[in-house]
Amino acid sequence: QIMKPITKANVEQALDDREFPDFVIQAFNECIVESRINHSNKVTQNDAVERIMKLGNVSRNEVFENKWLDVERYYRKAGWIVKFSKPAYNESGEAYYNFS
């Protein structure tokens with residue numbers, strides 16, 4: 001059998017089907033609920049990272065190395081409109097997700 005190149009559709013499907021550890025999804029779910037309690041759609045990246053570290057007993061570096069913050073597609077499949085925003089290198093502020 002000859003190896004064929006992966007198609008764009010295959011890559012998109014792989015990204016859509018990506019699974020995350022339970023503690024990552026639990027962390028985001030808790031952050032989303034807390035945000036809604038506070039009448040907001042915003043979840044800061046730092047809050048998500050801190051919660052993932054605590055629930056998963058993992059380091060900040062592991063969170064970024066494993067791309068565990070790339071949850072936008074996962075939540076879109078569940079019906080959310082998710083946008084990620086972060087300030088440019090010359091701007092102040094913090095990175096955040098908007099879940100609506």
Side-chain angles (χ1 to χ4, degrees):
Q1 179 108 8
I2 296 174
M3 177 61 73
K4 295 182 182 179
I6 193 167
T7 66
K8 289 180 183 179
N10 295 141
V11 171
E12 293 300 317
Q13 190 63 51
L15 291 173
D16 282 341
D17 293 343
R18 182 168 177 209
E19 299 276 333
F20 292 88
D22 287 344
F23 62 86
V24 171
I25 300 307
Q26 180 183 349
F28 272 95
N29 288 349
E30 290 177 4
C31 287
I32 292 167
V33 169
E34 284 180 14
S35 173
R36 285 301 170 103
I37 288 170
N38 293 319
H39 306 287
S40 174
N41 293 335
K42 187 189 274 190
V43 170
T44 67
Q45 182 181 44
N46 198 51
D47 285 348
V49 169
E50 293 295 324
R51 183 94 34 132
I52 291 167
M53 289 169 49
K54 181 180 173 191
L55 291 171
N57 194 27
V58 294
S59 70
R60 185 175 191 83
N61 200 40
E62 285 177 277
V63 173
F64 286 94
E65 280 180 1
N66 289 298
K67 310 281 189 253
W68 286 335
L69 298 174
D70 297 346
V71 298
E72 293 96 321
R73 284 177 181 256
Y74 192 84
Y75 278 90
R76 285 183 190 130
K77 278 178 62 176
W80 290 93
I81 297 170
V82 185
K83 294 180 183 156
F84 179 72
S85 299
K86 68 178 181 177
Y89 73 95
N90 60 343
E91 297 176 331
S92 62
E94 58 183 329
Y96 67 91
Y97 301 83
N98 188 296
F99 289 89
S100 57

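For the 3.5 Å distance criterion, the side chains of Asp47 and Tyr97 fail to qualify, holding no donor opposite an acceptor. For Glu62 and Asn66, the side-chain atoms include no donor-acceptor pair closer than 3.5 Å.
With sequence neighbours excluded, the residues forming a side-chain contact (heavy atoms from CB on, under 4.5 Å) with Leu55 are Phe23, Gln26, Ala27, Glu30, Arg51, listed by chain and number.
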Please assess Asn46 against Tyr96 for the test side-chain contact (heavy atoms from CB on, under 4.5 Å), listing each intermediate value before the final yes or no.
CA-CA 8 Å; Asn46 198 51; Tyr96 67 91; over 6 Å; no
Taking it one step at a time, do Arg18 and Lys77 satisfy side-chain contact (heavy atoms from CB on, under 4.5 Å)?
CA-CA 11 Å; Arg18 182 168 177 209; Lys77 278 178 62 176; over 6 Å; no
Go through it in stages, so that I can follow the logic: the residues are Ile52 and Leu69, the test is side-chain contact (heavy atoms from CB on, under 4.5 Å), and I'd like the CA-CA distance, side-chain angles, deciding distance and then a yes or no.
CA-CA 9 Å; Ile52 291 167; Leu69 298 174; 3.9 Å; yes
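Classification of the Tyr75-Phe99 ring pair by plane angle, with boundaries at 30° and 60°, yields perpendicular.
No salt bridge links Glu94 with Lys42; every basic N to acidic carboxylate O contact stays at or beyond 4.0 Å. Ion pairing between a basic and an acidic side chain is recognised when a charged N comes within 4.0 Å of a carboxylate O; Arg60 and Glu50 show such pairing.
To the nearest 0.5 Å, the span separating CD on Glu72 from CG on Asn98 amounts to 11.5 Å. Here Lys86 contributes atom NZ and Thr44 contributes atom OG1; the two are 15.0 Å apart, rounded to the nearest 0.5 Å. Interatomic distance, Arg36 CZ to Ser100 OG, rounded to the nearest 0.5 Å: 7.0 Å. In this structure, CH2 on Trp68 lies 11.5 Å from CD1 on Ile25, to the nearest 0.5 angstrom.
Side-chain contact check for Asp70 versus Leu15: every heavy-atom pair is 4.5 Å or farther apart.
Dense packing is recorded around CG of Asp17, with more than 12 heavy atoms of other residues, nucleotides or ligands lying under 6.0 Å away.
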